[in-house]
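Report on the structure given below.
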Amino acid sequence: AAAALFAERGYAATTMPAIARHAGVSTETVQANGPKQALLRAAINASTFGGDDDTDARDTELGTVMLAVGSGAEAVAVTASVLSGLNASVHGLWLAFAEAARHDDEMAAALGGLATRIREQNTTMMSEWDRRGYVRRDIPFDELVDRAVLVGSVEVYDRAVRVNGMSSEAYTAMLAGMMSDLLLPR
């Protein structure tokens, strides 16, 4: 219930009583699950690779899919598809999280921590592909990771899909092209 309301209404407009009404429980029951910030963090974690902050991307269902590839081109295509689905599912939550972070130092720190975790997960997956020879070597690895994180970000999804009206399919194809140009050996 909280995830749906955060994604639909944003952080500021989502109240504990509204979450309770949406879930069909009392406000006290919702409050027993933590403050609003904790509910938003839990919603983000549940909507991404799954698991908590310590879950390795390789140990998730999506991570398994991303590692079951046989070539760099397949890695890029699968990654674009996975990121497109992830970005679509967390888009509203991410915007709510960013909104909360603008006005709350604790949420800003949590958003920074989430961004660090996303980079770490990208490093983990790209290290596997680098080991297989799927990643170009003419650009320092850390720079490739930083670029890939930005290209695959929710913010780019937001700009392409929500702001520019791009279809999900067109976004996935664009992302695959950008990732191919960025990552694959020349």
Side-chain angles (χ1 to χ4, degrees), residues 3 7 40-98 100-101 107-163 166 168-186:
L40 181 55
R41 281 212 56 172
I44 285 276
N45 281 341
S47 299
T48 57
F49 269 87
D52 57 29
D53 287 347
D54 297 328
T55 302
D56 188 312
R58 294 172 293 194
D59 297 332
T60 67
E61 184 178 333
L62 292 176
T64 301
V65 168
M66 292 174 74
L67 291 174
V69 297
S71 70
E74 188 180 359
V76 163
V78 168
T79 298
S81 178
V82 166
L83 286 175
S84 183
L86 279 173
N87 286 341
S89 71
V90 303
H91 175 251
L93 288 172
W94 185 269
L95 294 179
F97 209 124
M107 292 302 285
L111 182 63
L114 183 56
T116 297
R117 181 171 178 254
I118 289 168
R119 188 187 188 290
E120 289 167 353
Q121 296 290 25
N122 274 266
T123 300
T124 297
M125 300 306 284
M126 288 178 60
S127 292
E128 291 289 331
W129 295 330
D130 184 49
R131 187 179 55 77
R132 298 177 190 184
Y134 299 167
V135 177
R136 64 193 291 180
R137 304 244 163 99
D138 60 323
I139 296 175
F141 183 78
D142 284 341
E143 189 174 328
L144 282 177
V145 172
D146 288 338
R147 291 177 182 187
V149 168
L150 289 174
V151 167
S153 71
V154 177
E155 292 85 357
V156 170
Y157 174 90
D158 180 63
R159 176 68 180 265
V161 176
R162 185 184 64 83
V163 175
M166 188 178 285
S168 178
E169 295 79 17
Y171 166 76
T172 302
M174 178 192 73
L175 182 57
M178 291 169 67
M179 296 290 270
S180 179
D181 292 343
L182 171 67
L183 299 176
L184 297 182
R186 309 229 170 221

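With rounding to the nearest 0.5 angstrom, the CG atom of Asn87 is 8.5 Å from the NE2 atom of His91. Rounding to the nearest 0.5 angstrom, the gap separating the CZ atom in Arg132 from the CG atom in Leu67 is 5.5 Å. Atom CG of Leu182 is separated from atom CE of Met178 by 8.5 Å, given to the nearest 0.5 angstrom. Distance CD/Gln121 to CG/Leu114: 10.5 Å, rounded to 0.5 Å. Remark: Tyr157 OH to Leu95 CG distance equals 10.0 Å, nearest 0.5 Å. Considering CG of Leu40 and CG of Leu111, their distance stands at 9.5 Å, rounded to 0.5 Å.
Val78 places a side-chain heavy atom less than 4.5 Å from the side chain of Glu74. In this structure, Arg119 and Asp146 have side chains that are in contact, with non-hydrogen atoms separated by less than 4.5 Å. Using a 4.5 Å heavy-atom threshold, the side chains of Val163 and Asp158 count as touching.
With Tyr134 contributing its side chain and Ser71 its backbone, the two residues share a donor-acceptor pair below 3.5 Å. A donor-acceptor pair is defined here as one N or O able to donate and one able to accept, closer than 3.5 Å; such a pair exists between the side chain of Ser153 and the backbone of Leu150. Checked by atom type and distance alone, the side chain of Asp130 never pairs as donor or acceptor with a backbone atom of Met126 at under 3.5 Å.
Under 3.5 Å, the side chains of Arg131 and Ser127 contain no donor-acceptor pair of N or O atoms.
Contact between Gly152 and Tyr171 at its shortest, heavy atoms only, is O-OH, 4.5 Å. Closest heavy-atom contact between Ser168 and Ser84: OG-OG, 3.8 Å. The two atoms that bring Val69 and Ala75 nearest to each other are CG2-CB, 3.8 Å, heavy atoms only. Looking at every heavy atom in both residues, Ala160 comes nearest to Met174 through CB-CE, 4.1 Å. Closest approach of Leu175 to Leu83, counting heavy atoms only: CD2-CB, 3.8 Å. Closest non-hydrogen pair, Trp94 versus Glu155, comes out as NE1-OE2, 2.8 Å.
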Using side chain to side chain contact (heavy atoms under 4.5 Å, CB included), reason through Trp129 and Thr79 one step at a time and then give a plain yes or no. CA-CA 11 Å; Trp129 295 330; Thr79 298; 2.7 Å; yes
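Salt bridge status for Glu143 with Arg147: present, with a side-chain N to carboxylate O gap under 4.0 Å.
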